Amino acid sequence: MEKLYIGSHVSFKNQYQLLGSVNEALSYGSNAFMIYTGAPQNTARSPISKEKTMAAYELMKENNIDVNNIVVHAPYIVNLAGSGSNYDFAIRFLKEEIKRVEELGLKKLVLHPGSHVKLTREEGINNIINALNIILEKDSKVDILLETMAGKGSEIGITFQELKQIIDGVKYNEHIKICLDTCHINDAGYLVEKIDDVLKEFDEIIGIKKIECIHVNDSINDIGAKKDRHANFGEGTIGFDNLIKVIYHPLLKDVPKILETPYVTATDDSKEKVHPPYKFEIEMIKAKTYNPNLIEDIRNYYK
Ligand code: ZN
Ligand code: FE
Ligand code: FE
């Protein structure tokens, strides 16, 4: 059997915490997954429960889910490229977040490098480097995975060179890794269709071994659009075959692949509802066969 670590973003609700996340991941047929330790949009966080974590690990063991295939994503609003009190808060929050990730027994924290907003690009990059030097310690148990960004607004990390510049500035950069997002690199101008060339370029600039997570999203927008709008798997401008090539790429076989594709809307009893697409997208990925009725199948299943 071909090696495949596939999963999606799943919820982490305080009632069950990681145990709930594992159960949700299993319900989609996943052997990998990604969580936010609270709401993705805010930084309110609850303490980690040891009991729930231990129960989660029991379930993971029964189902052969390896901790290396579980990633945590930092909230969107944490901006290490900013300035003033927001900047100080971001640093404090990430230090706390790393402790939470450690308490969960996890090892990978995905982070959007930041947006420079009113500062210059260079100032933004320097702020990120400075912050990471405060946050990361020599014997850190958690690695930070900088995500490749689409280039929306004033985002930093939209070229491999820019990410390399950050890595080079960080003292303990053995703890800095990369999360490659297929939608984001498309929107930033990289041709996913030519993934061999993209990976070759990545390897020359950063080193392929640094890729520790892949967000396998399709994109609503054309290459280079600098937009960042995810599409369901095979339903966007990147397309099914190109995404499958990334997922089954021999150089990426050990790397967990995470779906951050949008929930599907449906109108049931004249109410708008949203349904997770992941079970059906994962089925397509495992079968390597495009399902032209993906959206309809999801709506019918959750009816
Ligand atoms: Zn992200
Ligand atoms: Fe992403
Ligand atoms: Fe995105």
Side-chain angles (χ1 to χ4, degrees), residues 5-12 21 25 28 30 32-42 69-81 94 97 101 106 108-115 128 143-160 162-163 166 176-190 192 195 198-199 202 206 210-221 223-238 242-243 246-247 249 252 255-263 276-278 281-282 285:
Y5 303 118
I6 183 79
S8 68
H9 165 216
V10 295
S11 60
F12 180 94
S21 310
Y28 303 143
S30 307
F33 62 89
M34 179 173 85
I35 55 166
Y36 293 76
T37 58
Q41 321 83 304
N42 69 44
N69 297 323
I70 303 173
V71 299
V72 180
H73 198 307
Y76 309 137
I77 56 161
V78 165
N79 184 12
L80 293 185
L94 281 175
E97 182 75 350
V101 175
L106 302 177
K108 302 180 185 188
L109 177 61
V110 174
L111 174 72
H112 294 178
S115 296
I128 295 169
D143 289 344
I144 289 183
L145 278 57
L146 299 175
E147 182 162 345
T148 59
M149 299 311 290
K152 191 179 59 186
S154 61
E155 278 172 351
I156 289 168
I158 62 177
T159 62
F160 301 154
E162 227 167 42
L163 292 164
I166 297 170
I176 303 274
K177 304 286 167 62
I178 299 290
C179 171
L180 193 93
D181 185 312
T182 51
C183 166
H184 294 180
I185 61 170
N186 171 78
D187 288 21
Y190 292 96
V192 179
I195 189 65
V198 174
L199 291 178
F202 186 95
I206 297 179
K210 283 277 191 196
I211 301 177
E212 292 234 337
C213 177
I214 303 185
H215 288 165
V216 280
N217 306 308
D218 214 327
S219 174
I220 285 180
N221 292 102
I223 181 167
K226 302 204 156 49
K227 283 274 172 44
D228 191 359
R229 296 266 321 275
H230 302 185
N232 285 107
F233 198 94
E235 301 294 315
T237 56
I238 301 173
N242 292 322
L243 289 169
V246 175
I247 289 180
H249 199 287
L252 306 172
V255 181
K257 322 286 185 318
I258 303 292
L259 293 154
E260 297 176 302
T261 45
Y263 273 43
Y278 309 123
E281 291 180 333
I282 289 169
I285 290 165

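Worth saying up front: this structure is predicted, and the values here are computed from it rather than measured. Whatever order the structure lists them in is the order used to number ligands and atoms, beginning at 1.
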>> With heavy-atom distances below 4.5 Å as the criterion, would you say the side chains of V246 and I238 are in contact?
In response: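 The answer is no, as the side chains (C-beta and beyond) never meet within the 4.5 Å cut-off.
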> For the atom pair CG (D187) and NE2 (H230), what is the distance rounded to the nearest 0.5 Å?
Replying inline: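 These two atoms lie 8.0 Å from each other.
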In [X], what N, O or S atom is nearest to the Fe ion (ligand 2), if we give its atom name?
X	answer
H215	ND1
E147	OE2
D181	OD2
E260	OE1

>> Going by side-chain contact (heavy atoms from CB on, under 4.5 Å), M34 matches just one of L259, V71, I70, V72. Which one?
In response: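 Running side-chain contact (heavy atoms from CB on, under 4.5 Å) over L259, V71, I70, V72 with M34 returns exactly one hit, V71.
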>> Would you say the ring centers of Y190 and F202 fall short of 6.0 Å from each other?
In response: no
